[in-house]
Amino acid sequence: MSAVSNFSCRHCAIGPVFTSNNRSGLASWINPRPLKFKISRQLAEMTLNNSRRVSVSPCIRMTMINERIEDRSTVVKPADILAYDLVQGADVRWSYILDKTMPQPPTAVLLHGILGSRKNWGTFAKRLAQEFPKWQFLLVDLRCHGDSASLKKRGPHTVASAALDVLKLLGSLKLTPRVVVGHSFGGKVALSMVDQVPKPLARPVRVWVLDATPGKVRAGADGDDHPAELISFLSNLPKVVSSKRDIMDGLIKDGFSKDVAQWVVTNLRQTKVNGESPSSFSWVFDLKGIAEMYQSYEDTNLWKLVEDVPRGVHINFLKAERSLHRWALEDLRRIHVAEEQAAQEGAGVEMHVLEDAGHWVHADNPDGLFRILSFSFQGF
């Protein structure tokens with residue numbers, strides 16, 4: 001177990017949260033066991049990561065809990081559901097293994113897009129934690145992506161199944177998020193999470209859908225990067241490659257942008273041969289599963305949720321000014337109609353535009369995105 005805390009705490013058996021109709025909830029149950037232990041105070045100001053390298057971080061604490069279960073029939077540990085980081089502000093003193101009487105800090109979930117990983121949100125999450133020290137930010141690798149690819153999830157690999165994974169993780173961590181932010185594919189995952197949970201919700205939640213619409217996925221113009229074509233290109237590459245530069249050059253030569261080429265190779269991890277120094281790279285994702293997930297992204301339609309928003313839910317759409325994704329006039333019209341309808345029913349729908357940004361909003365204009373999202377974290 002790796003954890004960061006300066007509290008004495010009790011070990012607790014955690015179970016995924018289901019209601020009587022087997023639907024996951026944005027709430028959690030805990031079954032405490034009286035096994036006590038103490039975590040060293042020397043860890044209180046450290047940042048732990050997958051490599052177990054430790055660096056001092058006076059303002060932010062990142063908790064990486066990586067526990068393997070001994071009896072899968074009785075206990076489901078969070079890291080057996082999805083790989084994740086928990087980036088905590090300096091004022092947060094919480095862990096899922098603490099006594100259940102410990103108040104839960106306000107929590108936001110940050111979801112990446114197709115072929116991405118939780119690392120896409122790392123820098124942005126740390127900035128949020130510095131500005132809003134009472135908050136914590138849960139970053140996950142969705143199924144078939146990043147470190148979650150090694151968990152070998154059962155199919156079908158869809159928007160709905162990816163959303164259910166996140167709900168199970170939240171249940172295991174005993175967290176009820178106040179904010180869920182999803183970029184592109186992750187935006188539909190966020191909407192699907194709201195769609196699947198029992199109603200009414202345990203508490204109000206604000207959902208941010210970044211540069212994605214609830215329904216049809218429209219291809220960008222000629223010259224834009226097309227995810228389906230990118231997945232097809234990657235499927236023809238070997239599983240182990242000798243050079244990131246060669247992959248980047250090949251992508252650019254095939255018509256993909258330099259930004260996308262640089263982003264794709266973040267999915268390569270150095271491998272060792274016979275214990276020698278790393279000499280090659282292997283892909284960390286499950287590309288076959290991702291292809292299935294992207295097809296689901298194109299097919300999934302969640303307009304019904306947006307046009308009949310549950311009470312207590314506020315859905316925010318953010319359109320990038322220079323997005324490769326085509327926002328049809330009909331999409332914008334339906335969102336504006338939903339705004340008016342939701343306001344009359346105790347819910348909310350709102351449209352935002354991020355200037356000077358393409359589809360990769362948190363990389364193209366992080367300052368602008370930070371300003372737009374910030375009001376969701378104020379008042380705590």
Side-chain angles (χ1 to χ4, degrees), residues 49 59-60 62 82-89 107-132 135-142 145-148 162 166 177-191 193 206-213 217 220 224-225 227 230 256-267 284-285 290 294 297 315-325 327 350-378:
N49 52 37
C59 298
I60 302 169
M62 179 180 290
L82 289 174
Y84 70 93
D85 293 334
L86 190 60
V87 182
Q88 297 180 320
T107 301
V109 180
L110 305 181
L111 305 172
H112 62 78
I114 209 78
L115 287 170
S117 73
R118 68 187 191 275
K119 294 179 181 179
N120 299 154
W121 282 110
T123 300
F124 197 86
K126 291 176 183 179
R127 181 176 177 181
L128 286 169
Q130 286 178 330
E131 183 69 20
F132 304 104
W135 280 75
Q136 61 183 10
F137 301 88
L138 181 66
L139 287 59
V140 305
D141 283 343
L142 297 173
H145 291 75
D147 293 322
S148 291
V166 181
R178 297 177 185 267
V179 176
V180 182
V181 182
H183 174 242
S184 194
F185 177 89
K188 273 194 177 178
V189 172
L191 291 175
M193 288 170 62
R206 186 174 290 272
V207 177
W208 285 88
V209 182
L210 306 184
D211 213 38
T213 65
V217 177
D224 285 335
D225 295 307
L230 178 59
F256 295 97
S257 69
K258 182 179 179 181
D259 288 343
V260 166
Q262 291 175 331
W263 162 65
V264 166
V265 297
T266 63
N267 286 290
V284 296
F285 47 52
I290 287 175
Y294 186 74
Y297 174 59
I315 300 175
N316 296 268
F317 290 95
L318 183 141
K319 176 186 179 299
E321 184 180 38
R322 296 184 282 101
S323 175
L324 62 86
H325 178 92
W327 287 71
E350 195 169 350
M351 186 75 194
H352 309 260
V353 176
L354 180 61
E355 297 179 350
D356 193 29
H359 184 62
W360 316 105
V361 290
H362 39 329
D364 290 347
N365 187 359
D367 293 340
L369 181 62
F370 186 87
R371 286 193 297 271
I372 291 175
L373 293 181
S374 287
F375 78 88
S376 293
F377 309 109
Q378 295 171 355

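When a residue number appears, it is its place in the shown sequence, counting from 1.
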For the residue pair H362 and N120, confirm or rule out a side-chain donor-acceptor distance under 3.5 Å.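 No pair is found: no donor N or O on one side chain lies under 3.5 Å from an acceptor on the other.
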Verify whether one side chain among D211 and W327 offers a donor that lies under 3.5 Å from an acceptor in the other.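 Checked: D211/W327 side chains pair up, N/O donor to acceptor below 3.5 Å.
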Spatial distance of atom [atom1] ([X]) from atom [atom2] ([Y]) [nearest 0.5 Å]:
| X | Y | atom1 | atom2 | answer |
| --- | --- | --- | --- | --- |
| Q136 | T107 | CD | OG1 | 3.5 Å |
| K126 | D85 | NZ | CG | 8.5 Å |
| F285 | I290 | CZ | CD1 | 5.5 Å |
| I372 | N316 | CD1 | CG | 10.0 Å |
| L210 | L318 | CG | CG | 5.5 Å |
| L369 | H183 | CG | NE2 | 9.0 Å |

For H145 and L115, indicate whether the former's side chain and the latter's backbone hold a donor-acceptor pair under 3.5 Å.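 Judged by distance alone, yes, a pair lies under 3.5 Å.
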Taking the side chain as everything from C-beta on, heavy atoms only, tell me whether V87 gets closer than 4.5 Å to W121.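 A side-chain contact under 4.5 Å is absent here.
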Do F124 and F370 have side chains that get closer than 4.5 Å, going by heavy atoms? yes
Ring pair (Phe, Tyr, Trp, His ring centres under 6.0 Å) involving F377 - partner list, sequence neighbours excluded: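 Listed in chain order: F132, W135, F137.
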Testing the basics here: between [X] and [Y], what is the closest heavy-atom pair and its distance to 0.1 Å?
| X | Y | value |
| --- | --- | --- |
| V166 | M193 | CG1-CE, 3.7 Å |
| S148 | A83 | OG-N, 2.9 Å |
| A212 | S184 | CB-O, 3.5 Å |
| A320 | V361 | CB-CG1, 3.8 Å |
| D147 | D141 | N-OD2, 2.8 Å |
| Y297 | K188 | O-NZ, 2.6 Å |

Can you tell me which residue pairs pass the salt bridge (charged side-chain N to carboxylate O under 4.0 Å, His left out) test with a partner in residues 352-378, sequence neighbours excluded?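 The answer is R127-D367, R322-D356.
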